[in-house]
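To find a chain, count down the sequence lines: A is the first, B the second, and so on, and within it residues start at 1.
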Number of protein chains: 2
Amino acid sequence: MLYRQLTLKDIAKELNTSVSTVSRALKDHHSISPEMKKKVNDLASRWDYHPNPTALSLLKNKHYTIGVVVPEIAQNYFSIVMEGIEDAANQAGYHVMFCLSKEILQREINVVNTLLNNRIDGLIIAPSKETVSHEHLDCIVNRGMPLIFIDRYCEAVPASRVLGDDYNGSFSAVEHLILTGRKRIAHIAGPETLSNSNPRLSGYLDALKKHRIPADKELIVHCDLTQASAIDCINRLIGLKKLPDGILTYNSSIAFQVMPVVKEKGLKIPEQIAFVGFANEPIISYIEPQLTTVIQPAYDIGWEAVNLFLDQQADEDYAATPKTKILPTQLVIRGSSVKSSALHAGLRHA
Amino acid sequence: MLYRQLTLKDIAKELNTSVSTVSRALKDHHSISPEMKKKVNDLASRWDYHPNPTALSLLKNKHYTIGVVVPEIAQNYFSIVMEGIEDAANQAGYHVMFCLSKEILQREINVVNTLLNNRIDGLIIAPSKETVSHEHLDCIVNRGMPLIFIDRYCEAVPASRVLGDDYNGSFSAVEHLILTGRKRIAHIAGPETLSNSNPRLSGYLDALKKHRIPADKELIVHCDLTQASAIDCINRLIGLKKLPDGILTYNSSIAFQVMPVVKEKGLKIPEQIAFVGFANEPIISYIEPQLTTVIQPAYDIGWEAVNLFLDQQADEDYAATPKTKILPTQLVIRGSSVKSSALHAGLRHA
DNA sequence: AATATTTACGCAATCCATTGCGTAGAAGTC
DNA sequence: GACTTCTACGCAATGGATTGCGTAAATATT
């Protein structure tokens, strides 16, 4: 029952002329008389004519559509990234095809392949934690289609990347813990398959090294991002003979899941254990105690990814030289790492 | 530099046959010899041939794409709705075009119009708070294209709706406050232009009426969803001579913004003022005090919206009879409305 | 007056897959 | 031998917009 869309042919028939004349009249081609142009344009605007985008896509092999694949958007981080992507895309006249991988490699492969079959002009992706193979991504690069990694990337795939500054974010967080007197700092790290777990771990280790605190393997545990794993991690840490006095968590979700366990154990935050996490949720200001966080530039990551895509579109040879943009993080110190009295007293160090 | 996609013509040329024979061979048409079918299919799978979706779209006027327009996804609710939509669409072999209106009517009109020009098979939308005119939506219905409202709707537009049970959610929240002894219950309501503000207000009023508590106009304030407005609302309420002892907020964002103001004023939650809000964030369990919430079936709203779309696709005459699905909400009682001691003592009433 | 140039338009191919129709040759029927 | 039927394929149109090329007619040039 769909009403057929208005076409050039309809206009041509109405005016007793040819399709090509109508087309050229609308594009202000020099070989069309002013009177004809007026007739065509009048009718087109009266009938609210718009060229059929599907026909244009077929003709130009251009879709004004960017594919986006993220693992989830239930947590705050990727939903803000999506807002950045949508705003930038919208401004540039592009549409966004939105897909979830749910951290499952097979689903990621499926959505990438269906997206790829010529409906999109480029792909922005945060690979799943399972993404160790990457034929489905190589395939995009081989086609010469713009591919932009956000937040996470596959080392072996030669494509542009827009990342948060995980290393320095982590470094400054741990240094903050050290400067506020913590001696035994643990790290609940992300999955080793995720590209951003490593720089966060390195930042942690280097901050310790700078302050001559020996790293202790017991204090580094890896979480696979499930709740069970998070609980397991914290239990291992608070089961140690020598308890940690500070913990850096890979993300906010882990922090939220483990902090109650620590509280129930009777340990006081921040007095006995300080917490810092990578996190973006504004609600964080309302939890008790408020979580000290490394804030990631989520919106800008999305925005910049679209810009990189647009640059790459514009430049034929761009694909040969992938770019990496690393956007600064920001440490916001709150009650989970420093007693609020101290906070109010202005203990905030640079 | 984009590699040209493989076409029927390529296969036909390789096998010295015609495009139509290749097409029919791939579709197992009866008029093609088994030998030819084998040759074609072998080559097609060797070359990993896939029909060009754009050409199919043009031919069939079908896109396997659903447009989705929501005001934002930074807050938890719509991002969960989006997850429901994406899962259901993915399962049905559909793609999702994702757009934000940012609560701005003009932007909503723009994205709807660009989506509409024949790239999508249907539209799922949560109208912006500014959406009082609706030509851009009528236009969809007139075309016979499936249109599904989620969470909010335009009264005058004859389209299907998938909504949370705002009325009963609100009613049970207010009744809970009454049953736990509150006498003077306020409501920070949503914008009057939003379709779900009204049933939430009605639920509030009817719960009061049922328990013979007179409604007091002073206790009903409308928030336009900006932070400034939320602060203004709470200031009006706590500036009253007779303070409210319970507050129902239109959404979680308002609750988070106003609870600190109440605390700063030295008022104790829940002892002096109880709070209940419509909200979904899992993090809510970590704020202090934990917010009693009416949980909306966000994921299911998204899922059901896609199902309604699919039904409507399947049935030619469906558009004539729009459906409304109202999905149940759930009241979860936490510390913001009842002292935790009481909670633990099992005060939870049915 | 004859040729060159400009004006103003239409035809047909292009992108790609699908499909109604036509047609060749082979096989079968009376 | 003349007819129908079946097999196996190709042609061309379809969907919609664009564009190179061709071609009338109307001016301009010499």
Distance in angstrom units between [X] [atom1] and [N] [atom2], rounded:
{"X": "A/E35", "N": "C/dT7", "atom1": "CD", "atom2": "P", "value": "13 Å"}
{"X": "B/D28", "N": "D/dA8", "atom1": "CG", "atom2": "C1'", "value": "14 Å"}
{"X": "B/L56", "N": "D/dG16", "atom1": "CG", "atom2": "P", "value": "15 Å"}
{"X": "B/L58", "N": "C/dT18", "atom1": "CG", "atom2": "P", "value": "12 Å"}
{"X": "A/L8", "N": "C/dT14", "atom1": "CG", "atom2": "C1'", "value": "15 Å"}
{"X": "B/H50", "N": "C/dA17", "atom1": "NE2", "atom2": "C1'", "value": "15 Å"}
{"X": "A/R24", "N": "D/dT19", "atom1": "CZ", "atom2": "P", "value": "9 Å"}
{"X": "B/N61", "N": "D/dA17", "atom1": "CG", "atom2": "P", "value": "12 Å"}

Using a 4.5 Å cut-off on heavy atoms from C-beta on, say whether the side chain of [Y] contacts that of [X].
{"X": "B/Y64", "Y": "B/L56", "value": "no"}
{"X": "B/K9", "Y": "B/V22", "value": "no"}
{"X": "B/E130", "Y": "B/T193", "value": "no"}

[N] OP1/OP2 closer than 4.0 Å to side-chain N/O of [X]:
{"X": "A/S33", "N": "C/dC9", "answer": "yes"}
{"X": "B/K60", "N": "D/dT14", "answer": "no"}
{"X": "A/K62", "N": "C/dC15", "answer": "no"}

**Message:** Do the side chains of A/K129 and A/E72 get close enough for a salt bridge, i.e. N-O under 4.0 angstrom?
**Reply:** no
**Request:** Under the ring pair (Phe, Tyr, Trp, His ring centres under 6.0 Å) rule, collect the residues that match up with B/Y153, sequence neighbours excluded.
**Result:** none
**Prompt:** For A/A55 and A/S20, take the nucleotide of DNA chain D holding the closest heavy atom to each; which residue's nucleotide lies nearer the 5' end?
**Reply:**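 Result: A/A55.
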**Asked** Closer to the 5' end of DNA chain D via nearest nucleotide, is it B/I32 or B/L59?
**Response** B/I32
**Candidates C/dT18, C/dG10, C/dC15 - which lies nearest the side chain of A/S18** =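 For A/S18, the side-chain atoms sit closest to C/dG10.
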**Request:** Report the nucleotide, chosen from C/dG10, C/dT19, D/dC9, that has the shortest atom-to-atom distance to any side-chain atom of B/S23.
**Result:**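 Nucleotide nearest to B/S23's side chain: C/dT19.
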**Prompt:** B/T7 near the nucleic acid: base, sugar-phosphate alone, or nothing, with a heavy-atom cut-off under 4.0 Å?
**Reply:**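 If one applies the 4.0 Å heavy-atom cut-off, B/T7 turns out to touch the sugar-phosphate alone, with no base involved.
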**Request:** Name the nucleic acid region contacted by A/T17, choosing base, sugar-phosphate or nothing; use a 4.0 angstrom heavy-atom cut-off, strictly under.
**Result:**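 Contact class for A/T17: sugar-phosphate only.
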